K.L.:
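Have a look at this one before I ask anything.
Just so it is clear, the values below take in all heavy atoms, side chains as well, and ignore hydrogens, waters and symmetry mates. Not measured: the values here are computed from a predicted model.
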Amino acid sequence: MQARRKVRNLVLKILYEVDCSAHPVEDVLSRYLAEEEFSEDAVTFSRHLLYGVLDHQSELDKLIHEHAPEWPVEQMALIDRNILRIAILELTTFAETPLKVAINEAVELAKTYGSDSAPRFINGVLGALASKNADLIVPHPSKSKGSAQSSE
């Protein structure tokens with residue numbers, strides 16, 4: 001599994017556990033990091049994603065509500081809500097993550113952890129956000145032909 005995909009899986013599991021229990025975030029993160037080996041870059045990325053979602057949860061939930069108004073955020077499945085939070089955070093703050101990658105990764109998480117309808121729902125919400133709020137999406141830096149490709 002590619003490094004960033006592995007981190008997204010990790011962050012989703014942590015967010016889910018924190019939502020379902022009163023376990024301290026740092027304890028859950030430390031436990032997961034101890035169970036599997038991650039590079040220093042992956043650990044840094046996981047912390048940025050995890051704490052980014054937690055620190056900006058209300059803003060992320062507002063964007064989810066704007067693009068899925070028929071689904072109250074607080075009544076959404078925990079998995080779907082956290083997948084959307086992770087993807088929207090990446091779309092709005094991580095320049096190194098291309099738009100299509102963030103959406104595809106979110107859909108893959110939904111296929112793995114969500115209900116049968118989750119991938120379509122996730123794709124629809126993120127597609128609506130991307131098309132209606134292009135100003136929110138952080139532009140992906142273009143790479144020259146000779147530069148190394150990132151490992152998504």
K.L.:
When you measure from the side chain of S131 to the backbone N and O of A128, does any donor-acceptor pair fall under 3.5 Å?
P.N.:
yes
K.L.:
As an exercise, state the distance from CD1 of I14 to CG of D27, rounded to the nearest 0.5 Å.
P.N.:
11.0 Å
K.L.:
Testing the basics here: between A102 and A87, what is the closest heavy-atom pair and its distance to 0.1 Å?
P.N.:
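Result for this residue pair: O-CB, 4.1 Å.
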K.L.:
I need the T97 OG1 to K100 NZ distance, nearest 0.5 Å.
P.N.:
15.5 Å
K.L.:
Does P72 have any side chain to side chain contact (heavy atoms under 4.5 Å, CB included) partners at least two apart in sequence or in another chain, and if so, which?
P.N.:
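Once residues adjacent in sequence are excluded, the partners of P72 under the side chain to side chain contact (heavy atoms under 4.5 Å, CB included) criterion are E74, Q75.
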K.L.:
Can you name the residues that form a side-chain hydrogen bond (donor to acceptor under 3.5 Å, both in side chains) with S39, not counting sequence neighbours?
P.N.:
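Counting only residues at least two positions away or on another chain, S39 forms no side-chain hydrogen bond (donor to acceptor under 3.5 Å, both in side chains).
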K.L.:
A side-chain contact here means heavy atoms from C-beta on lying under 4.5 Å apart; do R4 and V101 qualify?
P.N.:
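Side-chain contact under 4.5 Å: no.
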K.L.:
What residue pairs, at least two apart or across chains, pass salt bridge (charged side-chain N to carboxylate O under 4.0 Å, His left out) with a residue in residues 107-118?
P.N.:
E108-K111
K.L.:
Looking only at non-hydrogen atoms, find the nearest pair between P119 and S115 and report the distance.
P.N.:
CD-O, 3.4 Å
K.L.:
What verdict does the side chain to side chain contact (heavy atoms under 4.5 Å, CB included) test give for L99 and L91, after you've listed the backbone C-alpha separation in whole Å, the side-chain angles of each residue and the deciding distance to 0.1 Å?
P.N.:
CA-CA 6 Å; L99 172 69; L91 289 172; 3.2 Å; yes
K.L.:
Could I get the full list of side-chain hydrogen bond (donor to acceptor under 3.5 Å, both in side chains) partners for T112, not counting sequence neighbours?
P.N.:
none
K.L.:
Calculate, to the nearest 0.5 Å, the distance between atoms CZ and CD1 belonging to R8 and I86 respectively.
P.N.:
9.0 Å
K.L.:
Any side-chain heavy atom of I64 sitting closer than 4.5 Å to one from M76?
P.N.:
yes
K.L.:
Run the side-chain hydrogen bond (donor to acceptor under 3.5 Å, both in side chains) test against E35 and tell me which residues pass, sequence neighbours left out.
P.N.:
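E35 satisfies side-chain hydrogen bond (donor to acceptor under 3.5 Å, both in side chains) with no other residue.
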K.L.:
Quick test of your reading of the model: are E37 and K6 salt-bridged, counting only N-O distances below 4.0 Å?
P.N.:
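Salt bridge flag = no for K6 with E37.
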K.L.:
Table please: side-chain donor-acceptor pairs of residues 45-58 below 3.5 Å, with sequence neighbours left out.
P.N.:
{"residue": "S46", "atom": "OG", "partner": "A42", "partner atom": "O", "Å": "3.3"}
{"residue": "S46", "atom": "OG", "partner": "V43", "partner atom": "O", "Å": "2.7"}
{"residue": "R47", "atom": "NH1", "partner": "E26", "partner atom": "OE1", "Å": "3.2"}
{"residue": "R47", "atom": "NH1", "partner": "E26", "partner atom": "OE2", "Å": "3.2"}
{"residue": "R47", "atom": "NH2", "partner": "E26", "partner atom": "OE2", "Å": "3.0"}
{"residue": "Y51", "atom": "OH", "partner": "E26", "partner atom": "OE1", "Å": "2.4"}

K.L.:
First locate atom CD1 of I88, then atom NE2 of H67, and finally report the distance between them rounded to the nearest 0.5 Å.
P.N.:
8.0 Å
K.L.:
Among all residues two or more places apart in sequence or in another chain, which pass the ring pair (Phe, Tyr, Trp, His ring centres under 6.0 Å) test with Y113?
P.N.:
none
K.L.:
Can you give each donor-acceptor pair under 3.5 Å made by side-chain atoms of residues 77-85, sequence neighbours left out, with the distance rounded to 0.1 Å?
P.N.:
{"residue": "R81", "atom": "NH1", "partner": "V73", "partner atom": "O", "Å": "2.9"}
{"residue": "N82", "atom": "OD1", "partner": "R85", "partner atom": "NH1", "Å": "3.1"}
{"residue": "N82", "atom": "ND2", "partner": "D19", "partner atom": "OD2", "Å": "2.9"}
{"residue": "N82", "atom": "ND2", "partner": "L78", "partner atom": "O", "Å": "3.1"}
{"residue": "R85", "atom": "NE", "partner": "D61", "partner atom": "OD1", "Å": "2.7"}
{"residue": "R85", "atom": "NH2", "partner": "D61", "partner atom": "OD1", "Å": "3.2"}
{"residue": "R85", "atom": "NH2", "partner": "D61", "partner atom": "OD2", "Å": "2.9"}

K.L.:
Just grab all the ring-ring contact (aromatic ring centres under 6.0 Å, His included) pairs involving residues 16-38, residues at least two apart or on different chains.
P.N.:
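Of all non-adjacent pairs touching residues 16-38, none passes ring-ring contact (aromatic ring centres under 6.0 Å, His included).
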K.L.:
For R31, look at atom CZ and say whether over 12 heavy atoms of other residues, nucleotides or ligands are found less than 6.0 Å away.
P.N.:
yes
K.L.:
Taking side-chain hydrogen bond (donor to acceptor under 3.5 Å, both in side chains) as the definition, give me every residue that meets it alongside K62, ordered by chain and number, with sequence neighbours left out.
P.N.:
none
